[in-house]
Amino acid sequence: MTSNDLHAGSIVIDALQCSDFNRELLLDAQQGGVSAINASSVLWENFRGGMEYISMWREKLAENVDIAMAIRTTDDIRRAKAEGKVGIIMGWQNTSPIEDRLDYFALFKDLGVNIMQLTYNTQNFFGAGYLEAKDSGLTGFGREAVDAMDESGILIDLSHVGIQTSLDTIEYSRKPVAITHCLPSALFDVPRNKPDEVFQACAAKGGVIGTSLFAPGLANGNNATVADVVDALEHTLDLVGEDHVAIGTDFNHNRSRPGPWLIWANKDKGTGRILADFGSAKISKPEGIRHSREFGNLTAEMQRRGWSEDRIVKILGGNWMRLFDQTWG
């Protein structure tokens with residue numbers, strides 16, 4: 001089978017984008033054969049901000065009903081694939097809109113939020129982000145939050161979460177969890193990447209690791225290509241096996257750099273100290289996979305390396321589908 005045919009026949013899931021979506025970006029994803037995207041741009045918002053995010057997506061999907069649709073179940077993803085539409089999974093990169101109300105997890109699940117990252121970069125009620133000076137692990141209230149997310153059917157994401165808090169959450173959760181967009185520190189040791197032990201713990205509980213395309217986390221930085229991304233996939237595959245590896249691009253298209261959204265994103269709680277210079281630094285996406293429409297180039301590179309069709313189908317979306325089935329119910 002050609003790589004084009006393999007890609008066209010596969011469910012393709014991008015487990016994280018924080019792009020400012022418009023019709024052009026949705027068409028771009030449709031052209032790339034992307035079946036579903038975790039559209040996860042909630043970072044520091046409170047309860048009202050979380051509600052505004054849901055309202056915003058309802059309006060965007062109503063305006064683009066011919067090419068996009070909301071995703072609540074894996075059957076919805078299959079329908080999006082069959083109809084040639086881009087499915088939108090509503091996700092957050094922080095639990096900040098929950099504030100201090102555990103009952104809000106079920107409320108937001110009912111409104112369609114299916115994936116939540118436990119913390120974003122720094123400390124919150126539930127645990128520590130990877131940029132917190134001291135990661136003291138999952139808090140007591142955090143354990144209650146994990147229980148509420150498991151019970152509500154919200155997939156827990158640990159991408160920006162601190163190492164100890166990640167390990168605690170993996171051990172404590174009754175359900176498998178995700179690392180939707182991350183790279184291995186074994187290939188490039190920067191704080192944003194995660195050590196092998198976290199990937200191994202995640203996989204041992206049945207979770208999935210989404211390989212990111214974030215250039216500062218790749219060894220070749222702004223000179224990275226699609227081959228560097230597949231090198232990272234390969235490392236994680238060798239570490240945890242083909243049932244636990246997938247893709248989460250971390251695309252943030254339609255956000256000016258530097259610009260107000262990215263500057264806000266890189267401050268603690270949006271208003272505090274600057275945590276990283278990613279909001280203003282020059283960052284180039286890997287050559288060959290700089291846009292959703294180029295997603296097929298990942299498939300072609302995987303096939304060029306002699307990977308089996310079954311393995312490629314799992315990485316493109318099959319592993320996410322299995323995890324979503326296990327956690328969303």
Side-chain angles (χ1 to χ4, degrees), residues 3 6-17 29 32-40 71-78 80-81 86-87 89 91 114-117 150 153-159 166 169-170 173 175-184 194 196 198-213 226 229-251 289 292 295-296 298-303 305-329:
S3 66
L6 179 58
H7 190 82
S10 301
I11 288 178
V12 177
I13 297 174
D14 184 347
L16 189 128
Q17 285 195 35
V34 180
S35 313
I37 298 169
N38 172 25
S40 189
I71 299 298
R72 287 177 174 266
T73 68
T74 50
D75 281 343
D76 289 337
I77 297 176
R78 294 183 186 96
K81 173 65 179 176
V86 179
I89 304 163
N114 266 355
I115 303 173
M116 293 185 192
Q117 190 167 252
D150 283 348
I154 296 168
L155 174 60
I156 299 170
D157 182 8
L158 300 175
S159 300
S166 294
T169 303
I170 293 165
S173 177
K175 293 183 179 181
V177 303
I179 302 171
T180 63
H181 59 296
C182 195
L183 290 160
K194 279 189 165 43
D196 287 352
V198 178
F199 287 177
Q200 290 170 315
C202 178
K205 287 287 289 280
V208 174
I209 298 104
T211 297
S212 168
L213 278 61
V226 66
V229 177
V230 180
D231 285 346
L233 278 168
E234 202 157 40
H235 172 86
T236 312
L237 280 163
D238 290 343
L239 187 70
V240 302
E242 65 184 35
D243 293 326
H244 304 283
V245 183
I247 298 164
T249 63
D250 203 9
F251 283 160
I289 181 64
S292 294
F295 225 103
L298 282 171
T299 306
E301 177 64 17
M302 289 188 277
Q303 191 179 58
R305 297 190 186 202
W307 295 5
S308 71
E309 291 180 1
D310 284 347
R311 169 183 276 194
I312 294 170
V313 167
K314 288 178 182 180
I315 292 169
L316 288 175
N319 288 336
W320 288 129
M321 291 290 281
R322 187 264 304 167
L323 184 62
F324 296 163
D325 271 331
Q326 288 181 280
T327 57
W328 286 356

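- Residues passing the side-chain contact (heavy atoms from CB on, under 4.5 Å) test with Ala300 are Ser3, sequence neighbours excluded.
- Formation of a donor-acceptor pair under 3.5 Å by the Lys81 side chain with backbone atoms of Gly87 is not found in this model.
- Residues satisfying the side-chain contact (heavy atoms from CB on, under 4.5 Å) test with Gln326, not counting sequence neighbours, are Pro176, Arg322, Leu323.
- Looking only at distances, no side-chain donor or acceptor of His244 sits under 3.5 Å from a matching main-chain atom of Val208.
- With sequence neighbours excluded, no residue forms a salt bridge (Lys or Arg N to Asp or Glu O under 4.0 Å) with Asp196.
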Under 3.5 Å, which donor-acceptor pairs link side chains of residues 309-318 to any protein atom two or more places apart or in another chain?
residue : atom : partner : partner atom : Å
Arg311  : NE   : Glu242  : OE1          : 3.0
Lys314  : NZ   : Glu242  : OE2          : 3.1
Lys314  : NZ   : Asp243  : OD1          : 2.7

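- To the nearest 0.5 angstrom, Glu234 atom CD is 9.0 Å from Glu301 atom CD.
- Side-chain contact check for Ile11 versus Ile77: some heavy-atom pair is nearer than 4.5 Å.
- For Ala15, the side-chain contact (heavy atoms from CB on, under 4.5 Å) partners at least two apart in sequence or on another chain are Thr180, Trp320.
- Looking at residues two or more places apart in sequence or on another chain, you find a side-chain contact (heavy atoms from CB on, under 4.5 Å) between Asp150 and Val146, Ile156, Ser173, Arg174, Lys175.
- Inspection of the His181 and Ser212 side chains reveals no N or O donor paired with an N or O acceptor under 3.5 Å.
- In this structure, Asp14 contributes its side chain and Ile37 its backbone to no donor-acceptor pair below 3.5 Å.
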CA sep, side-chain torsions, deciding dist, call: Ile13, Phe324, side chain to side chain contact (heavy atoms under 4.5 Å, CB included): CA-CA 11 Å; Ile13 297 174; Phe324 296 163; 4.1 Å; yes

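- Side-chain atoms of Lys194 do not come within 3.5 Å of backbone N or O of Cys182 as any donor-acceptor pair.
- A donor-acceptor pair is defined here as one N or O able to donate and one able to accept, closer than 3.5 Å; such a pair exists between the side chain of Asp76 and the backbone of Thr73.
- The backbone N or O of Arg72 lies less than 3.5 Å from a partner atom in the side chain of Asn114, making a donor-acceptor pair.
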